[in-house]
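The sequence lines fix the lettering, A, B, ..., with proteins before strands; numbering per chain opens at 1. Only this structure's heavy atoms are used, side chains among them; waters, hydrogens and symmetry mates stay out.
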Number of protein chains: 2
Amino acid sequence: MKVAELAKSLGTTADTVRYYSRLGLLKPAKSVNGYKSYSNKEVSRLKFILSARNLGFSVVDIKEIINESEDGKSACPLVRSLIKERLEETEKQFQAMLALRGKMSSALSRWEEMEDKAPTANMVCHLIENFEQIKKT
Amino acid sequence: MKVAELAKSLGTTADTVRYYSRLGLLKPAKSVNGYKSYSNKEVSRLKFILSARNLGFSVVDIKEIINESEDGKSACPLVRSLIKERLEETEKQFQAMLALRGKMSSALSRWEEMEDKAPTANMVCHLIENFEQIKKT
DNA sequence: ACTTGACCTGTGTCTTAGACACAGGTCTAA
DNA sequence: TTAGACCTGTGTCTAAGACACAGGTCAAGT
């Protein structure tokens with residue numbers, strides 16, 4: 001199986017497959033013409049990787065998980081602990097985005113009723129520069 | 001004013017100031033000893049940059065905004081149009097994070113009641129590999 | 001056998017917004 | 001003047017692939 005075949009069969013891109021191969025998550029054999037050749041085992045491994053990515057694990061996480069399982073150990077405890085960390089991070093980012101979204105949308109609506117101003121020596125754009133101050137009034 | 005002074009006075013890091021200088025957003029003079037020297041004008045410019053970053057503009061956006069204003073034009077129309085784009089992007093990412101957060105937290109709670117399993121030839125971790133399927137039942 | 005063109009490949013570079021490392025310069029107190 | 005503390009610019013690194021590109025492969029047509 002060539003790179004593009006594998007990629008298409010699981011709904012991803014050849015670049016992604018190559019990336020995982022570069023990192024050692026997939027270990028294709030070299031066929032005679034120098035192309036990377038993927039076996040059925042690689043197919044299910046890629047399927048696993050994509051599921052894990054979809055759940056928010058990083059590729060480094062996934063590498064660790066695979067390493068653990070290749071040592072014959074159960075990866076489940078590691079998986080539980082990693083998702084706890086990732087979820088906390090996601091929660092933080094989520095809150096940050098929530099706040100940012102609010103700020104942006106309030107800026108957008110407020111700026112629509114404000115006039116244009118030409119720049120001065122110490123002001124690039126009064127919309128931005130006065131945003132926080134106005135908020136306080 | 002040296003890099004670290006400027007940075008501290010506005011609550012940011014020297015690396016950030018250097019980064020903006022590298023991109024040409026700030027244009028420090030060279031003092032005799034080779035150090036970058038920032039004037040009062042740079043202070044208010046950095047203040048502007050930080051406000052804009054805080055509102056979700058990218059540094060490239062900010063560069064365009066500054067360019068516009070240095071041509072003597074009002075940057076306000078550009079600013080309005082850019083924030084509209086950025087807000088849309090933020091909204092998309094926000095929805096994606098919302099969905100991800102849900103998936104992760106449901107995985108976390110469900111996995112706590114599931115047993116560990118050793119890996120097999122075609123399974124790295126049953127928690128991950130069975131997650132979507134279980135969901136459908 | 002040969003050639004054309006379409007498709008495929010691996011490798012290397014690019015992206016964001018800074019953080020970090022590091023070799024060396026500066027400056028103040030002793 | 002020397003030690004030590006602090007500061008500097010430059011170069012490299014990050015995540016997760018996307019993209020560019022020179023060259024290889026392969027089936028159809030001649």
For the helix from C:dA1-D:dT30 to C:dA30-D:dT1, figure out the bend between the end axes, five pairs an end, and round to 10 degrees. 40°
Within a reach of under 6.0 Å around CG of A:Asn40, are more than 12 heavy atoms found that belong to other residues, nucleotides or ligands? no
Is there a donor-acceptor pair closer than 3.5 Å between any side-chain N or O of B:Lys36 and the backbone N or O of B:Arg18? no
What are the residues of residues 51-65 of chain A, sorted by number, that bring a heavy atom to within less than 4.0 Å of DNA chain C?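 Heavy-atom cutoff 4.0 Å gives no residues at all.
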Under 4.0 Å from any atom of DNA chain C, heavy atoms only: list the residues of residues 86-102 of chain A that qualify, in numerical order.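 DNA chain C contact set from residues 86-102 of chain A: none.
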Residues in contact with DNA chain D, drawn from residues 7-43 of chain B - heavy-atom cutoff 4.0 Å: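 B:Arg18, B:Arg22, B:Gly34, B:Tyr35, B:Lys36 - these, ordered by number, are the residues of the stretch whose heavy atoms sit under 4.0 Å from the strand.
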B:Glu132 with A:Lys47: basic N within carboxylate O range, under 4.0 Å: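 No.
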Should the ring pair B:Phe94 and A:Phe94 be called parallel, tilted or perpendicular, given that the plane angle runs from 0 to 90° and is split at 30 and 60? parallel
Angle class for the A:Trp111/B:Phe57 ring planes (parallel below 30°, perpendicular above 60°, tilted otherwise)?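 Parallel: the ring planes of A:Trp111 and B:Phe57 meet at under 30°.
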Donor-acceptor contacts, no H, no angles, side chain residues 58-67 of chain B, under 3.5 Å, sequence neighbours left out:
from, atom 1, to, atom 2, distance (Å)
B:Ser58, OG, B:Val60, N, 3.3
B:Ser58, OG, B:Asp61, N, 3.0
B:Ser58, OG, B:Asp61, OD1, 3.4
B:Ser58, OG, B:Asp61, OD2, 3.3
B:Asp61, OD1, B:Arg86, NH2, 2.9
B:Asp61, OD2, B:Ser58, N, 3.1
B:Asp61, OD2, B:Arg86, NE, 2.6
B:Asp61, OD2, B:Arg86, NH2, 3.4
B:Lys63, NZ, B:Leu23, O, 2.9

[atom2] on [Y] to [atom1] on [X], rounded to 0.5 Å:
X: A:Leu127; Y: B:Ser51; atom1: CG; atom2: OG; result: 12.5 Å
X: A:Ile83; Y: B:Ile128; atom1: CD1; atom2: CD1; result: 7.5 Å
X: A:Met104; Y: B:Glu89; atom1: CE; atom2: CD; result: 8.0 Å

According to side-chain contact (heavy atoms from CB on, under 4.5 Å), who are the partners of A:Lys117, at least two apart in sequence or on a separate chain? A:Glu115, A:His126
Worked verdict on B:Arg101 versus A:Glu91 for salt bridge (charged side-chain N to carboxylate O under 4.0 Å, His left out): CA-CA 7 Å; B:Arg101 186 180 70 156; A:Glu91 181 63 30; 3.0 Å; yes
Check for me, please, whether A:Tyr35 and A:Leu46 land in the same ILVMFWY cluster - side-chain distances under 4.5 Å, paths through other members count. no
